[in-house]
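One structure below.
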There are 2 protein chains.
Amino acid sequence: MTLADVAAHAGVSRATASLVLRESPLVAEQTRQRVLASVEALGYVYNRGAASLRMRRTNTIGLVISGLANPFFADLTEGVEEELRPAGYVVLLANTFDDPAHQDMLIRSMMEHQIDGLLIVAAVDSDAGFVTPLRNNGVPHVMTTRRIRGVHASYVGPDDDAGARLATQHLLDHGARELAYFGGPEHGVARIDRVAAMAALLAENGLEPEPSWTVPSRVSSSEGYAMARKLLEHGPPPEAVICHSDAIAFGLMRALRDVGVEIGTGCRVIGYDDVEHAQAWSPSLTSVSVAARTMGRRAARMLMERIEAPGSSPEESLVLRPSLVVRESCGCRPSSAH
Amino acid sequence: MTLADVAAHAGVSRATASLVLRESPLVAEQTRQRVLASVEALGYVYNRGAASLRMRRTNTIGLVISGLANPFFADLTEGVEEELRPAGYVVLLANTFDDPAHQDMLIRSMMEHQIDGLLIVAAVDSDAGFVTPLRNNGVPHVMTTRRIRGVHASYVGPDDDAGARLATQHLLDHGARELAYFGGPEHGVARIDRVAAMAALLAENGLEPEPSWTVPSRVSSSEGYAMARKLLEHGPPPEAVICHSDAIAFGLMRALRDVGVEIGTGCRVIGYDDVEHAQAWSPSLTSVSVAARTMGRRAARMLMERIEAPGSSPEESLVLRPSLVVRESCGCRPSSAH
DNA sequence: AATTGTAAGCGCTTACAATT
DNA sequence: AATTGTAAGCGCTTACAATT
């Protein structure tokens, strides 16, 4: 069942049939109707692969994510799709599980599928070389969420400096003097930037981050829990802690509960990402919100622009300002929790 | 940069070059090395689209998900990928946002991309006709997680009857007499099956579900919260409630807290899905676990088998038995919370 | 002038023939 | 007998020619 069958059924040439499918104005209304009727009658399904080969464009974009199970990335993925679908693109999704070697494989596989462009949340410990094949083959690409040291490519991500300052300032306003930045991948640029921003703001106030609690971790609630329990064996928590993610904050809060520290007074907690459940937790979690879905949309839009304007377009960087969603865990008592 | 270039560089024909890429044993080791060296030297990237057209097989499978932001489906997606990737498949992902019309579009789009098979978590209110185009065009497909009334297709999903009984029995063992099934899409088969199973088991004990709390809802913590708050205005909660999802349970627990009901004593709560944060919540959430990742793997495997054995294979149905992960919210006090 | 058809080609694979 | 090459074709699109 190919276009040739449709053409035969409608009594026109394959060329004409193709023109009506592509909605060309060159074909007479009568003929158009006839062809469309044949498509319907035969239940013809367009072969986009064949068309892509001929047109040298697949209308497919690759999305490489470091960990889909993280709701932050799931949201981002939804944003990407929302933006790309209406524009006629289809997304090829792949998960690296934060493994750089796997990531290299996936990028290669996507290139073999002739993607028109690539969106990537790079694995935390990516080697800077992962973009080389993309650049060499002129595949438009944009990185999002995570910056990798040494990689120069277009980028859409959160302003980590601003985010960390927002949280730090709020805690200082609460009168806290001992602050820590808890968790996050050790060499991740995000963690490094946020810790630096926090330290800078603290320094302006004659303070410095609590070293024993300013430690890296993997990003999950169970990791946050385990690490917090260990630290709590050696003494009480600092007055306030900013967590690298909401998941880590959930783990930390559970650990604090276990040892009888009251959250918001005994220890002020702020999370990062403003995940859906932050609101339902008790106490509800104050969190730095970076609007994952919006970020996905912006990144997708930037990629499309780069695909349209090939070669010429200079590398660009879009940084989104986060906001602080204030709830209870920092010690505030909002009039209504919801 | 095509295979022809590689062949020219290596001084062989395109046919030979193709044979070495496809790892045919027909070509001499020397020639093989020469071609591989040329591939390397030229930085050649295989065009899988062209090969697919010729071979009439794309090694691509479609995955249509009703809502990726739900961590349950994100896990499932990871399971699917884990299984499919090593087998040489690439997954085309699409999100329906539970919209049947959008779902129909996506399925069509995937068929145009010549997917070798389709895995689908159907939108809750899917029309039974959504499989027709797949069947008509002989596209192997398997449904997972959700069963749609009137649709006959291969399926991998949880045993909702067993899951609901597990939770109900546990609550009965705690001495609870007033039980409710809280939330979930009104016409969803899962909710209907679970409520029926619960009612059956209760009937054996001379009881019936608490009607005022056995109500449908959308699946999110904020919906669970809102609905619970509304019900709590009219009186105290039942002795025990099984929630349609962990997210709903989180919302419910928050609402109970707000009005001063102690969870586990004033009201026993059991969730469904055993999401990661169930463990970190306080109290930690007892939940019916259906192992989303495993389900994804099984569904992927079934699909691959159906692709290998075309036509012949009869429709099949694989049902996975869930387990009850007992924590604190039901009133148990496990020796260690983690 | 408006509409439709011819023919080549996108980058591969593979049956079969040809060469050593 | 072992290895390599020839040529056709997968299902489309599109420049250009041909027809009315």
Side-chain angles (χ1 to χ4, degrees), chain A residues 1-36 38-39 42-60 88 90 109-116 137-139, chain B residues 1-36 38-39 42-60 88 90 109-116 137-139:
Chain A
M1 164 64 33
T2 77
L3 239 201
D5 299 310
V6 172
H9 187 271
V12 300
S13 74
R14 288 153 63 214
T16 304
S18 174
L19 289 177
V20 352
L21 288 194
R22 308 224 62 227
E23 305 191 325
S24 157
L26 297 178
V27 27
E29 181 57 19
Q30 265 205 13
T31 322
R32 209 178 72 83
Q33 296 293 355
R34 206 141 36 88
V35 172
L36 256 21
S38 297
V39 163
L42 299 177
Y44 166 73
V45 176
Y46 187 62
N47 184 330
R48 225 162 262 287
S52 295
L53 176 57
R54 177 56 225 246
M55 296 196 288
R56 331 199 59 182
R57 188 188 218 270
T58 58
N59 284 294
T60 283
V90 136
S109 162
M110 295 208 154
M111 287 175 57
E112 293 184 349
H113 280 272
Q114 313 298 122
I115 46 169
D116 291 337
N137 289 275
V139 178
Chain B
M1 163 65 32
T2 77
L3 240 201
D5 300 311
V6 173
H9 186 271
V12 300
S13 75
R14 287 153 65 216
T16 303
S18 175
L19 288 177
V20 351
L21 287 194
R22 309 222 61 229
E23 304 192 326
S24 158
L26 297 179
V27 27
E29 181 57 19
Q30 265 204 14
T31 322
R32 211 177 69 82
Q33 296 294 357
R34 203 140 39 86
V35 172
L36 256 22
S38 298
V39 164
L42 299 177
Y44 167 73
V45 176
Y46 187 61
N47 185 330
R48 225 163 262 286
S52 294
L53 176 57
R54 176 57 226 244
M55 296 195 288
R56 330 201 59 185
R57 188 188 218 269
T58 59
N59 284 295
T60 281
V90 135
S109 162
M110 295 207 154
M111 287 175 57
E112 293 184 349
H113 280 272
Q114 312 299 120
I115 46 169
D116 291 337
N137 289 275
V139 178

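Just so it is clear: chains get the letters A, B, ... in the order the sequence lines come, proteins before strands, and each one is counted from 1. Note that this is a predicted model, so its numbers are computed, not measured.
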Task: Paired and unpaired positions of DNA chain D as dot-bracket, Watson-Crick or G-U wobble under 3.5 Å, | denoting a partner strand - done: ||||||||||||||||||||
Open item on the list: By the 4.0 Å heavy-atom rule, please label R48(B) as base, sugar-phosphate, or nothing.
Closed with: nothing
Pair up each side-chain donor or acceptor in residues 22-31 of chain B with any protein partner under 3.5 Å, not counting sequence neighbours, and list the distances.
| unit_1 | atom_1 | unit_2 | atom_2 | d |
| --- | --- | --- | --- | --- |
| S24(B) | OG | L26(B) | N | 3.0 |
| E29(B) | OE1 | R32(B) | NE | 3.1 |
| E29(B) | OE2 | Q33(B) | NE2 | 2.6 |

Open item on the list: For T58(A), give me all partners under side-chain hydrogen bond (donor to acceptor under 3.5 Å, both in side chains), at least two apart in sequence or on another chain.
Closed with: D116(A)
Grab the N/O contacts between the protein and nucleotides 16-19 of chain C below 3.5 Å, and write none if there aren't any.
none

Task: All pairs passing side-chain hydrogen bond (donor to acceptor under 3.5 Å, both in side chains) where residues 42-51 of chain B contributes a residue, at least two apart - done: E112(A)-R48(B)
What distance do [X] atom [atom1] and [Y] atom [atom2] have between them, rounded to the nearest 0.5 Å?
X: L19(B); Y: S13(B); atom1: CG; atom2: OG; answer: 7.5 Å
X: H9(A); Y: M1(A); atom1: NE2; atom2: CE; answer: 9.0 Å
X: S52(B); Y: R54(B); atom1: OG; atom2: CZ; answer: 12.5 Å

Could you report the tightest heavy-atom contact between [X] and [Y], atom names first, then the distance?
X: A17(A); Y: V35(A); answer: CA-CG1, 4.2 Å
X: D5(B); Y: L42(B); answer: O-CD1, 3.8 Å
X: R14(A); Y: L3(A); answer: O-CD1, 4.1 Å

Open item on the list: Base contacts versus sugar-phosphate-only contacts with protein, heavy atoms under 4.0 Å: please encode nucleotides 3-10 of chain D as B, S and - from 5' to 3'.
Closed with: SBBB-BBB
Open item on the list: Are the side chains of V12(A) and V20(A) in contact, using a 4.5 Å heavy-atom criterion?
Closed with: no
